[in-house]
Amino acid sequence: RDPSRKKKVYHRIILVLSVQSTILSLGTFLGAWPMPKGSLTASYSAMGTGGTCTAQGFILMFEGMTVAPLYLSLSLFSFLAVRNDFNEIFLRKYEFWLHTLVYIIPLAAACIAIKQGFVNPGINICFIATVPIGCINDDSVECLHKYTGFNEYFRFCSSYLCVTLIVALSL
């Protein structure tokens, strides 16, 4: 192990990206286990409670929305590194802001999802969903909760992820 790797911005970005991706993968691996047993969409493997479902939804929401900006930050780092002749001092000036901005919007989005009750059992994971699924877009099905701003929230999160991925891929 090379201790000098901890001193490089690139290696710290890769470390954070690896940790976030691992947590996201573990949350996805849990699948239907955290779903409340007996919920409308519960599968045979559901053995959780409302709290475990909410925790999985929060983790998937937060981690899912941080991985894309982390890829963007890696692309941005590479662009700036090449442009500034790999000047580590120049890159360190912006590292704090880079990490801070990566987490602000996903944390706010995940907290809003929990507060508004948007995290519910979906088809095979607990994530952003209505109960019953699709009730907000189908007038013949009555929702169990009032999902004020659900469509706007979903559009914002989708747009955020699409824009960050497009910008990351275009750098």
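This structure is a prediction, so every number in the text was calculated from the model and none was measured.
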Undergrad: Any chance you could lay out the side-chain contact (heavy atoms from CB on, under 4.5 Å) test for N137 and F150, step after step, and finish with the verdict?
TA: CA-CA 11 Å; N137 297 322; F150 182 84; over 6 Å; no
Undergrad: Can you pull out every side-chain hydrogen bond (donor to acceptor under 3.5 Å, both in side chains) where at least one residue sits in residues 142-156? Sequence neighbours excluded, please.
TA: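 The answer is N120-Y147.
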Undergrad: Using 0.5 Å steps for rounding, measure from the CD1 atom of I112 to the CE atom of M61.
TA: 9.0 Å
Undergrad: Who passes side chain to side chain contact (heavy atoms under 4.5 Å, CB included) against A81, sequence neighbours left out?
TA: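 So A81 forms a side chain to side chain contact (heavy atoms under 4.5 Å, CB included) with F77, F86, L91.
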Undergrad: Rounded to the nearest 0.5 Å, what separates atom CE in M47 from atom OG1 in T52?
TA: 10.0 Å
Undergrad: Give me each pair satisfying salt bridge (charged side-chain N to carboxylate O under 4.0 Å, His left out) with a member in residues 93-118, each pair once, sequence neighbours excluded.
TA: R12-E95
Undergrad: Of all residues at least two apart in sequence or in a different chain, which pass the side chain to side chain contact (heavy atoms under 4.5 Å, CB included) check with S21?
TA: L17, V67
Undergrad: By the ring pair (Phe, Tyr, Trp, His ring centres under 6.0 Å) test, which pairs, at least two apart or in different chains, include something from residues 46-74?
TA: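 Applying ring pair (Phe, Tyr, Trp, His ring centres under 6.0 Å) to every pair that reaches into residues 46-74, excluding sequence neighbours, yields F62-Y103.
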Undergrad: Can you tell if the side chain of S73 reaches within under 4.5 Å of the side chain of I13, non-hydrogen atoms only?
TA: yes
Undergrad: List the residues meeting ring-ring contact (aromatic ring centres under 6.0 Å, His included) with F96, not counting sequence neighbours, and say none if there are none.
TA: none
Undergrad: For E63, check side-chain hydrogen bond (donor to acceptor under 3.5 Å, both in side chains) against everything at least two apart and list the hits.
TA: Q20
Undergrad: Hey, could you give me each pair passing disulfide bond (SG atoms under 2.5 Å apart) that has a residue in residues 88-133? Not counting sequence neighbours.
TA: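 Output for this query lists C53-C126.
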Undergrad: Calculate, to the nearest 0.5 Å, the distance between atoms CD1 and CD belonging to I128 and Q116 respectively.
TA: 11.0 Å
Undergrad: Taking only distance into account, with no hydrogens and no angle test, what donor-acceptor pairs under 3.5 Å do side-chain atoms of residues 163-171 form with protein atoms, sequence neighbours excluded?
TA:
| residue | atom | partner | partner atom | Å |
| --- | --- | --- | --- | --- |
| T164 | OG1 | Y160 | O | 3.0 |
| T164 | OG1 | L161 | O | 2.9 |
| S170 | OG | I166 | O | 3.2 |
| S170 | OG | V167 | O | 2.9 |

Undergrad: Once you round to the nearest 0.5 Å, how far does CZ of F118 lie from CD1 of I136?
TA: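 Reported value, rounded in 0.5 Å steps: 7.5 Å.
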Undergrad: For S140, give me all partners under side-chain hydrogen bond (donor to acceptor under 3.5 Å, both in side chains), at least two apart in sequence or on another chain.
TA: D138
Undergrad: Applying side chain to side chain contact (heavy atoms under 4.5 Å, CB included) between I14 and each of L74, L70, V9, report the one that passes.
TA: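 For I14, the side chain to side chain contact (heavy atoms under 4.5 Å, CB included) check succeeds only for L74.
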Undergrad: Of all residues at least two apart in sequence or in a different chain, which pass the disulfide bond (SG atoms under 2.5 Å apart) check with C143?
TA: C135
Undergrad: Applying the 4.5 Å side-chain criterion to the ILVMFWY set and letting contacts propagate, would F79 and L72 be lumped into a single cluster?
TA: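 Cluster IDs for F79 and L72 match.
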Undergrad: Find out if a path of hydrophobic residues (ILVMFWY) with successive side-chain heavy-atom gaps under 4.5 Å connects V16 to L76.
TA: yes
Undergrad: Please identify each residue that fulfils side chain to side chain contact (heavy atoms under 4.5 Å, CB included) with T28, with sequence neighbours left out.
TA: L24, L60
Undergrad: Give, for atom CG of L98 and atom CG of L80, the distance between the pair rounded to the nearest 0.5 Å.
TA: 9.0 Å
Undergrad: With distance as the sole test, does Q56 use its side chain to make a donor-acceptor pair with the main-chain N or O of G27 at under 3.5 Å?
TA: yes
